[in-house]
Amino acid sequence: MDEKDVSRTAQDSKGGFEPRIMAFVCNWCTYAGADLAGTSRMEYKENVRIVKLPCTGRIDPLFIIKAFENGADGVLVSGCHPGDCHYTTGNYHARRRWIAFRSLMEFVGIDLRRLHFSWVSASEALKWVDLINNVTDEVRKLGPFAEYKGLKQGW
Amino acid sequence: MARIGVFICQCGNNIESTVDTKSVSEEMEKVPGVVFSCNYKFMCSSPGQEMLKEAIKKHKLDGVVVSACSPHMHEKTFRKACESAGLNPYRCEIANIREQCSWVHHDKTKKTGTVKSNDLTRMTIERLKRNRPLKKINIPVNKRALVIGGGIAGIQAALDIAEGGREVILVEKEPSIGGNMARLSETFPTMDCSQCILTPKMVEAELHERIKIYTYSEVEGLDGYIGNFTVRIRKKAKYVDEELCTGCGECIEKCPFKASSEFELGLNKRKVIYTPFPQAVPNIPVIDAPNCTMIQKGKCGVCAKVCGPKAIDFEQTDEIVEEKVGAVVVATGYELMPNERFGEYGYGRIKDVINGLQFERLASSSGPTGGEIRRPSDGKVPESVVFIQCVGSRDEAKGVSYCSKICCMYTAKHTMLYKHKVHEGQAYVFYMDIRAGGKRYEEFTRRAIEDEGAMYLRGRVSRVYERGGKVVVQGADTLSASQVEIEADMVVLATAIVSRTGADTLAQRLGIGYDRYRFYNEYHPKLRPVETVNAGIYLAGACVGPMDIPESVSMGSAAASKVLALFSADEMAREPIVAGVDKTRCNACWDCLVACPYSAIEKEEVKNRQGETVRWNARVNEGVCQGCGVCVAACRSKVIDLAGYTDEQVYAAISAF
Amino acid sequence: MKIPYYPGCTLNTVAKGFDVSARESARALGFEMEELGQWNCCGASFPLSPDNLMGLTAPAKVLASAARMGDAVTTLCSVCYNVLKRTNKALRDDGEKRSVVTGFIEEEYDGSTEVIHFLEVLRDRVGFDRVRESVKRPLGGIRAAAYYGCMLLRPAGEVGIDRHEGPTIMEDLLSVLGCEPVDFPNKIECCGAHLAMTRTDVVERLSGNVLESAVDCGAEVVVTSCPLCQYNLEKSQAKVAERRAGYRHVPVVYFTQLLGIALGQSDEMAGLGENRWDVRPLLEAKGV
Amino acid sequence: MKIKLFKQEIEGSSIRQIERSSGEVLKNCYQCGNCSGGCPVSYEMDLPPSQAIRFLQLGKVEEVKKANSMWLCVGCQQCFSRCPKSVSAANLFEALRQMSLRQGKDHREIRDLPVSFLEKAPQQAIVCGFRKLVS
């Protein structure tokens, strides 16, 4: 029922490549930071789609792989700054897990330049804006992540 | 097949100006499972909510997506509306197309915003299809409170809770309640006598039928969760039977041995069987065991001989008592920075260099000098006194970067007390900045300078040394760019306020956070200043950071009101966003248990009919779980999931990307 | 026990007594101070600008030379101690500095040699108890003021041989030798140091304050571990005497001189004749 | 005295050079005055250490250079030893001296030194003095 066109790689008005970015963010810091960018009427690249989670500590590395499989050209993970976690230590778990899974991600064929980690607090709207713009630009340079999208169709 | 309704809000023009909500609504109708879709000017308005409710009933919706502003704004509003229409509130989800779409993409052709709104709404719809109805969790609440610390903050919290009709257990580690405030002579800026305003409150707490006081006792451990804590309290041996003792004081009178008085900060001696000060509450003495020859060597026993009611019991030992409570207020207060750190100020070597609390004792009419200002070395009335502020505070080299906040005020007060008692005396104050932000505070410091003649010198003191019976202070007055030397008779150091020794240990026992200075962390420094991350544990007073009496009292009352609010119902409803374990598949690796920041995961034993343990599995204590989901990601066998954020839901959203 | 020893420029000339008394004392205590085979002046001041690498080359050469003889080097002069110890730390902690400096002096050195003052040798390696046992002539309760000055103590994180606000290492030694140590406020204040070259008025004031402060506290002798302090203190006595009626000059001696005497050295060996104000009458008066 | 403040001076190259050469960060000083209180030669300085640092914070390098303070500082580190912010005025004065000496501007002519001093003073005084006062 939720079958959709995987070839739906976005294109800009001129027909050039526009990357699709999936962002996994925590509810308390980064989600609120992104909200603040809106309340402050800032502007950033439209390429990002947010998936809200209670805490970055909730993030299963499989989420990231799934995101790539489902058409993401880049993935961003962002939560509270170290020491600021709403759940006291969730972001440390996320960081530790990231260190452990980094090489695995590379092993399964994910170009680590497509994967970004950041800390954005609820007051750092500007940081969020810069982050999205930078990640979008960087992933755009890399081109579409066709290899991984193919995987899903192959199944 | 699901029956989902989709409501796209225009938010006046806030969304509509960059998102074609009609087109989004039409697009969403095509999504499988969506049976109703519309757009509307203000979904959060009363007519908007009515529309939503009617649609639920009319189309028999089993799920609702509202594409509107951030869920942080109106998620509660829409979930409530759904609930009143008979739909489980957790079958309602919000897609954020305002803060994270229309407001940040300024494309007036609406193309960008519409495409993104379509995506965000579709992802939310797919997620919603996997939403299970959830029920708020009800936790029974034990309506007794524990207050740790019997200083002014703790006493205030205890009295307020007791007045609110709930039982309170007040634990104090010293032999009497009263805390640091009991040591003060007068208080700024009103100059009313500290003991005069404090002792009635102490007595009130003692006599209150709903307050049980454990003095000379410490909290050893805390188990459980909000509404259902079990606390273990160590009652240190007093060697005096509290039931029998009448507080006559005969034993103290006759005790032949003396030791340095903690209450008088070493300025005086007390007996080995003692109450810290005459107005002690409870008025029951304790025996200082390490200094008691009877307990150490079996010789003496005078106190036991003179005790009429036979209350002395040399065989007494520490006792552990357990109490069940529903909430905890932590009010453990502060200490002053150990003065040995100030080698350049000669502290510990020069007798006439004392700290602010010691000066309070000298100025107190119940103090070692009966309220006369006499210097410790030879009892002489000092003709000049130098007060040095910011000793240790704001001194990163000594490890404290913060301002101790109350020293500017109490130093001004000290100069006045000194002037009132020694009319011819001259007070000098070395300060860096005068921080007198508070009601009537600025006027107070000005009074010290203008009316009471204190000489304020802007600068810091480099060192203090003795010369010919005088204490020589060498410093700078930066306003005149001069080096300054003062031959004083006494020096008072306004040493930094620091957290209590052992504050970190207690925090670990309670499961609350603390900063690098071991001051306790508020849940949120502005909006939830008396709560901690551990639900049901509240904070009051200077254990959070330096603060003065009015602030401590306010915080004590604030914590009490939080406790009373918690106790207002028999059960407490909690968001059902909690983790759950599929016990049949759990292989008891305990990764979750280690990962959980709240110790919400317990080991559960599974027994067969013969009562033998056949295996173990993890179990989530829903009262403690805060719903962060760290355990879910940690679980190797994928048997824990987080209600409201299940793997299924997240994958569905990803798949709709 | 042998310990590599760096005398430094001044101990070879005007402060000969400091050097000889120390070497002889070491022998009496059962160890030898083995002079570095090759050495040069340390520069007599540690460069306070971190970008001044030139100032590190001279002490680096000394350290490299010491490293060839053992894992530690001792000094008597406070300034040498300060310069060597701080240079050593800079070379040890900062790889970039190390490679520039060692490249320049064309010697390999990694900062691993320990720089210890002779007082530390006595306290930590020999032990004051052992010194006490070796005393042949207790010093009869001479009231001695230990003057530390700056270089032994500051900056505390880099050199401090003792607590920088309330040091007692020298007093501890003096009481072992049979002196009665006198605590005085100015014991960690500056003597004026190299301002002797340009501003004798400042030196006379600062050193004068040290002397007065010591004398006011009852000192009969002032004890130092730095030839420049010794020079400045001795030179300033006249000025103190001028401004203070009835001032009696106090001898200013090196701690090793008192150590030597207590261990039974002759006056010549201890270099007592070199001091401007003779300590011998005082010793006699105390029956030493 | 009246001074005009300029951003170009406050963040000027001289200030940056002084910070680099001394290893100190001027902003760290919060002007408590402890250094001036404890400095043994403060009494003789045109600008006591804390005031000299203040002028540097304001970008007024010349004010400090024309004062006698840097030539009086003996580097005893009492300022640093007791500074609550771990700033060393001694290091800053050394940087200023170095600025001057590296341009060949000596504070002392060797030929002016009295012979008696050269004969009797310990070598270390002369070496140290030359290092601090002569290029």
Side-chain angles (χ1 to χ4, degrees), chain C residues 8-15 41-52 55 58 77-80 82-83 149-151 153-160 164-165 186 188-203 205-206 209-210 226-232 235, chain D residues 17-24 38-41 43-45 68 71-83 86 88-99 101-102 107-110 112-114 116-134:
Chain C
C9 53
T10 312
L11 273 77
N12 245 7
T13 53
V14 297
C41 169
C42 68
S45 64
F46 179 77
L48 300 181
S49 7
D51 70 343
N52 179 0
C77 165
S78 311
V79 176
C80 298
N82 184 287
V83 174
C150 328
M151 295 292 155
L153 303 170
R154 293 188 291 268
E158 291 179 48
V159 296
H164 63 290
E165 291 290 354
N186 284 42
I188 61 166
E189 296 287 304
C190 177
C191 68
H194 64 269
L195 290 182
M197 196 163 104
T198 46
R199 294 291 300 266
T200 40
D201 60 320
V202 171
V203 171
R205 174 164 166 151
L206 300 188
N209 286 345
V210 170
C226 171
L228 182 48
C229 294
Q230 205 265 355
Y231 173 81
N232 281 340
K235 207 151 186 308
Chain D
Q17 191 193 329
I18 290 167
E19 291 202 319
R20 190 175 55 243
S21 184
S22 64
E24 301 297 324
C39 173
V41 283
Y43 75 95
E44 195 68 19
M45 286 181 172
N68 66 357
W71 303 114
L72 277 164
C73 169
V74 287
C76 78
Q77 298 286 6
Q78 196 63 277
C79 49
F80 171 68
S81 178
R82 290 171 184 156
C83 176
S86 303
S88 170
N91 287 15
L92 286 163
F93 284 136
E94 174 114 335
L96 285 159
R97 277 197 301 270
Q98 288 289 327
M99 255 178 139
L101 297 178
R102 285 173 195 180
H107 181 63
R108 187 73 179 169
E109 294 291 337
I110 296 173
D112 294 345
L113 291 173
S116 63
F117 173 76
L118 293 173
E119 277 173 0
K120 286 192 183 150
Q123 279 70 13
Q124 63 183 111
I126 298 164
V127 176
C128 181
F130 282 3
R131 284 246 169 142
K132 301 272 186 196
L133 310 172
V134 181

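Chain letters run A, B, ... following the sequence lines, proteins first and then strands; every chain starts at 1.
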Under a 4.5 Å heavy-atom cut-off, does chain C meet the side chain of [X], its backbone, both or neither?
{"X": "D:Leu133", "result": "side chain"}
{"X": "D:Phe130", "result": "both"}
{"X": "D:Cys73", "result": "backbone"}

Shortest non-hydrogen contact between [X] and [Y], atoms and distance:
{"X": "C:Leu48", "Y": "D:Gly75", "result": "CD1-CA, 4.1 Å"}
{"X": "C:Met197", "Y": "D:Leu113", "result": "CG-CD2, 3.3 Å"}
{"X": "D:Cys128", "Y": "C:His194", "result": "SG-ND1, 3.5 Å"}
{"X": "C:Ala196", "Y": "D:Phe117", "result": "O-CE1, 3.5 Å"}

Check: Would you say C:Thr10's side chain and D:Gln124's backbone share a donor-acceptor pair under 3.5 angstrom?
Finding: yes
Region of [X] in contact with chain D, defined by heavy-atom distances below 4.5 Å:
{"X": "C:Cys77", "value": "side chain"}
{"X": "C:Gln230", "value": "neither"}
{"X": "C:Ile188", "value": "both"}
{"X": "C:Leu228", "value": "both"}
{"X": "C:Ala15", "value": "neither"}

Taking every non-hydrogen pair under 4.5 Å, which of [options] racks up the most with chain D?
{"options": "C:Pro50, C:Cys150, C:Cys226, C:Gly192", "result": "C:Pro50"}
{"options": "C:Gly8, C:Gly43, C:Gly149", "result": "C:Gly43"}
{"options": "C:Leu153, C:Val202, C:Asn209", "result": "C:Val202"}

Which value, rounded to the nearest 0.5 Å, describes the distance between [X] atom [atom1] and [Y] atom [atom2]?
{"X": "D:Ser22", "Y": "C:Asn52", "atom1": "OG", "atom2": "CG", "value": "12.5 Å"}
{"X": "D:Gln77", "Y": "C:Met151", "atom1": "CD", "atom2": "CE", "value": "8.0 Å"}
{"X": "D:Met99", "Y": "C:Ser49", "atom1": "CE", "atom2": "OG", "value": "11.5 Å"}

Checklist line | Partners meeting salt bridge (charged side-chain N to carboxylate O under 4.0 Å, His left out) with C:Arg154 (sequence neighbours left out) | finding: none
Do [X] and [Y] come within less than 4.5 Å of each other through their side chains, counting heavy atoms only?
{"X": "D:Trp71", "Y": "C:Arg199", "value": "no"}
{"X": "C:Asn12", "Y": "D:Gln123", "value": "no"}
{"X": "C:Val14", "Y": "D:Lys120", "value": "no"}
{"X": "D:Val74", "Y": "C:Leu206", "value": "no"}

Margin query: Tell me which of these, D:Gln98, D:His107, D:Arg82, has more heavy-atom pairs under 4.5 Å with chain C than the rest.
Written below: D:Arg82
Item checked: Residues D:Glu44, C:Arg205: salt bridge by 4.0 Å N-O rule -> no
Check: Can you list the residues that meet the side-chain contact (heavy atoms from CB on, under 4.5 Å) rule with D:Glu109, with sequence neighbours excluded?
Finding: D:Arg111, D:Asp112
